[in-house]
Amino acid sequence: MGDWMTVTDRGLSSESKTISQYTSEIKMSPSSLYSQQVLCSSIPLSKNVHSFFSAFCTEDNIEQSISYLDQELTTFGFPSLYEESKGKETKRELNIVAVLNCMNELLVLQRKNLLAQENVETQNLKLGSDMDHLQSCYSKLKEQLETSRREMIGLQERDRQLQCKNRSLHQLLKNEKDEVQKLQNIIASRATQYNHDMKRKEREYNKLKERLHQLVMNKKDKKIAMDILNYVGRADGKRGSWRTGKTEARNEDEMYKILLNDYEYRQKQILMENAELKKVLQQMKKEMISLLSPQKKKPRERVDDSTGTVISDVEEDAGELSRESMWDLSCETVREQLTNSIRKQWRILKSHVEKLDNQVSKVHLEGFNDEDVISRQDHEQETEKLELEIQQCKEMIKTQQQLLQQLATACDDDTTSLLRDCYLLEEKERLKEEWSLFKEQKKNFERERRSFTEAAIRLGLERKAFEEERASWLKQQFLNMTTFDHQNSENVKLFSAFSGSSDWDNLIVHSRQPQKKPHSVSNGSPVCMSKLTKSLPASPSTSDFCQTRSCVSEHSSINVLNITPEEIKPNQVGGECTNQKWSVASRPGSQEGCYSGCSLTYTNSHVEKDDLP
Amino acid sequence: MNFSEVFKLSSLLCKFSPDGKYLASCVQYRLVVRDVNTLQILQLYTCLDQIQHIEWSADSLFILCAMYKRGLVQVWSLEQPEWHCKIDEGSAGLVASCWSPDGRHILNTTEFHLRITVWSLCTKSVSYIKYPKACLQGITFTRDGRYMALAERRDCKDYVSIFVCSDWQLLRHFDTDTQDLTGIEWAPNGCVLAVWDTCLEYKILLYSLDGRLLSAYSAYEWSLGIKSVAWSPSSQFLAVGSYDGKVRILNHVTWKMITEFGHPATINNPKIVVYKEAEKSPQLGLGCLSFPPPGAGASPLLSSESKYEIASVPVSLQTLKPVTDRANPKIGIGMLAFSPDSYFLATRNGQLCRRGCCLTPYCVLWPQV
């Protein structure tokens, strides 16, 4: 209908402002006199009501206001305010009833509207708070969503990186494997190449060797030879044998014999070892059985099973033992049986030991004495008792010893002297034994010494004989050489030649003895002459020399034997010759030994002729 | 240890006689035989050229002097100094020479390993063996002197021939499964022959006396392999020393490894006794200030002694890193020796350089300087 416009009266500026808070668009009727505002949703303010109400209708414009109102109301559907008009020109009378009804209607409407307005406002508030809540939730969720999206992106990124790395590592691995394979191939190829080259070179080399060999063999080098003084005998002293088929067969036989011996020896060793080991196993088994079987006497609930098995095992094993010993322990089955039975026993023993351990721990914890378990206290008591017994026994022994000693010492003087004599006698006898031993040793020593001296004498005699032979031989030589030569030079020469020899000292006419038997050695008693010293004055004046030897017997006088120059120079018979007088002082019985000093004196005396042949 | 006065020696040629009574040493072209107890010279022989190798015969009656440059071998007798024997290989040349176990045959290896000539001192016979292998240990005799094993190579394959030493008859001839045989050695009981391959491949083969292959053993592949091998005197164990510095012991029943010894640079185990050799300072008495001043090697006052003192564990042995890109590097177990009762094993590891000595029930370490 009409546009309601806000007319800003100067006087009503403040009210209009406040009212305009609540209204959206308010248009006023063109009548400027009326400042009319319709409050959409407002509780009529008491302050503004009066002024407002008085502003619409004044005493001046009643008719106009009533017509205006009527117009408005009829447009709204209310009945008209005027009474039913009789004619057109007459002024319509105000229908008060209608007016009151309309007012009531309007009030009711107003109330309804107010209620509705309240409801709507509360709902509005509720919705507003809901919306706030929802908005905040929404924003939070949005944030969460953001963060989770970011996380996901981050994780995806990491995953991607790791996958990249993984791929790169795989790649590296593959590369390395390829390289290894390649290198192995290279090595293999090089090896084959190398072998091939080696074979080629070897063939060439062999060819060269063959050629060289041919050349060497063909050359028949006379230089290749062995120059040996004399052939050496074989190491085993036997002669060499020809190579035949028989020897080949023999060699084969020997080789096989050696091999067989070695194998047999080794087998023996292994059998011995085997037997020993089996013995050990058997022993172990027996001991284990004996360890476990005493449990039979003390049946316990816990151990019933094990004892049962032990008993059965013992019976079993006894049977097994007999069987095993019969079969010589070499069959597979027997071996298996033995090892199985030992394993069984070992298991039983182990379980037994474990049980004992448990019991011991229980005893420690609970501290009660099981009848079968020897508690520590009992054990200690027993040991104390035994120690006491030992002490007592020791004391008894000591006292007995003392008593014995007393008995021994508490005898009369006679007995003591007798005892002393006994001791002395003992000592005397011992001394006698030692003395006899000593004497025997002395005798042996004497005997040895005598035999030694005999041997020395014999050696001396032999030497003399040899020397004599030699001298005779030389003489012969000399004879042959110098028959008419004069003596001086020869003598001198001979003298020097012979004086140079130390054996000249011991010129013995042993060789002549068979010729001069009767007088050379008067009696067969041993003569000892070991060291003979002599001085040989070279007497060139003497034309001849003679060897004089003497074998002096112990008891006889000195025999001087002269070899006259008659033998040397048959011309000069009766010539002078030097004698040698040997004086031998030798006493074989002397304790200092058989060394004798002889002095020789050369005398130019007449020849004492013996009856020489 | 006490040391005697110093005697002149050339080419490290110095050997005790097998019966332990004499000591033979070489000075240039002279052979000197001394008595072991008094070190007095008993015999003096003169050879025709500089001696490269001497060897006693097994019965200690003869000494062989080999002169490789002239291709000559001279044999001297101890019983009869005037006896002489000269073997001239002439144009065939001489590379190695050794006695047979009966002491009456001499085996000469000619140049280029063309053949082995067996000269007999008892008869006029001469035998030839063709195609011997040129390796470190190609000839080995059994301890009782009955058999000789010889490594051969024909047509690029390795063979082993077993001869009977009494009449030099060929007993067995078989090929071996090796690439390049380096050494052969009889067990002391004479029934098993150990054959090992070149250092490029770790392989050791065991053959019975009649040529059957008993077993083969290989510890690892690709790296450098066996360097030295030793039998225990009872023939029960075979010790194999390799370039990786370890000794592996094989047993004679199964020919499998029973134990393995390493040679660590530091010794921490308190159960090991370490002996360190320390040289005692020379003792000078008051009488040393005498005229004329003592000549070199003649003075007993300057005799050096060394003694062994026990070092406390842990001991670290000095090691030298050897050059590995050359052939025959100085690494690995170079020397192995069992004690006569098979209780101890002495080993020399090429890497360790300080003198030291460790005793464990089965391992004695003598590092090389």
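Below, read A as the first sequence line, B as the second, and so on, with proteins coming before strands; counting in each chain starts at 1.
- Screening residues 78-120 of chain B for ring-ring contact (aromatic ring centres under 6.0 Å, His included), with sequence neighbours left out, gives B/Phe62-B/Trp83, B/His105-B/Trp168.
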Cut-off 3.5 Å, no hydrogens considered: what does the side-chain donor-acceptor table look like for residues 257-277 of chain A, sequence neighbours left out?
from: A/Asn261; atom 1: ND2; to: A/Lys257; atom 2: O; distance (Å): 3.4
from: A/Asp262; atom 1: OD1; to: B/Asn189; atom 2: ND2; distance (Å): 3.2
from: A/Asp262; atom 1: OD2; to: A/Arg266; atom 2: NH2; distance (Å): 3.1
from: A/Tyr263; atom 1: OH; to: B/Arg212; atom 2: NH2; distance (Å): 3.2
from: A/Tyr265; atom 1: OH; to: A/Gln269; atom 2: NE2; distance (Å): 3.2

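- When heavy atoms are compared at a cutoff of 4.5 Å, B/Ser120 approaches chain A solely by way of its backbone atoms N, CA, C and O.
- Residues of residues 140-158 of chain B that come closer than 4.5 Å to chain A, counting heavy atoms only, are B/Arg146, B/Tyr147, B/Arg153, B/Asp155, B/Cys156, ordered by residue number.
- In this structure the side chain of B/Lys130 reaches within 4.5 angstrom of the side chain of A/Glu210, judged on heavy atoms.
- Most heavy-atom pairs under 4.5 Å with chain A, from the set B/Leu61, B/Leu121, B/Val192: that is B/Leu121.
- There is no contact between B/Gln74 and chain A, counting heavy-atom distances below 4.5 Å.
- Looking only at heavy-atom pairs under 4.5 Å with chain A, the residue among B/Ile87, B/Leu209, B/Ile162, B/Val164 that has the most is B/Leu209.
- Ranked by heavy-atom pairs under 4.5 Å with chain A, the list B/Gln169, B/Arg115, B/Gln80 is led by B/Gln169.
- Heavy atoms of A/Asn251 lying under 4.5 Å from chain B belong to its backbone as well as its side chain.
- Residues satisfying the side chain to side chain contact (heavy atoms under 4.5 Å, CB included) test with B/Arg70, not counting sequence neighbours, are B/Leu48, B/Asp49, B/Leu72.
- Heavy-atom distances place no part of A/Leu208 under 4.5 Å from chain B, backbone and side chain included.
- When all heavy atoms are compared, the tightest approach of B/Leu171 to A/Glu252 is O-OE2, 3.7 Å.
- Interface check for chain B: of the options A/Arg203, A/Met255, A/Lys199, the most heavy-atom pairs under 4.5 Å are formed by A/Met255.
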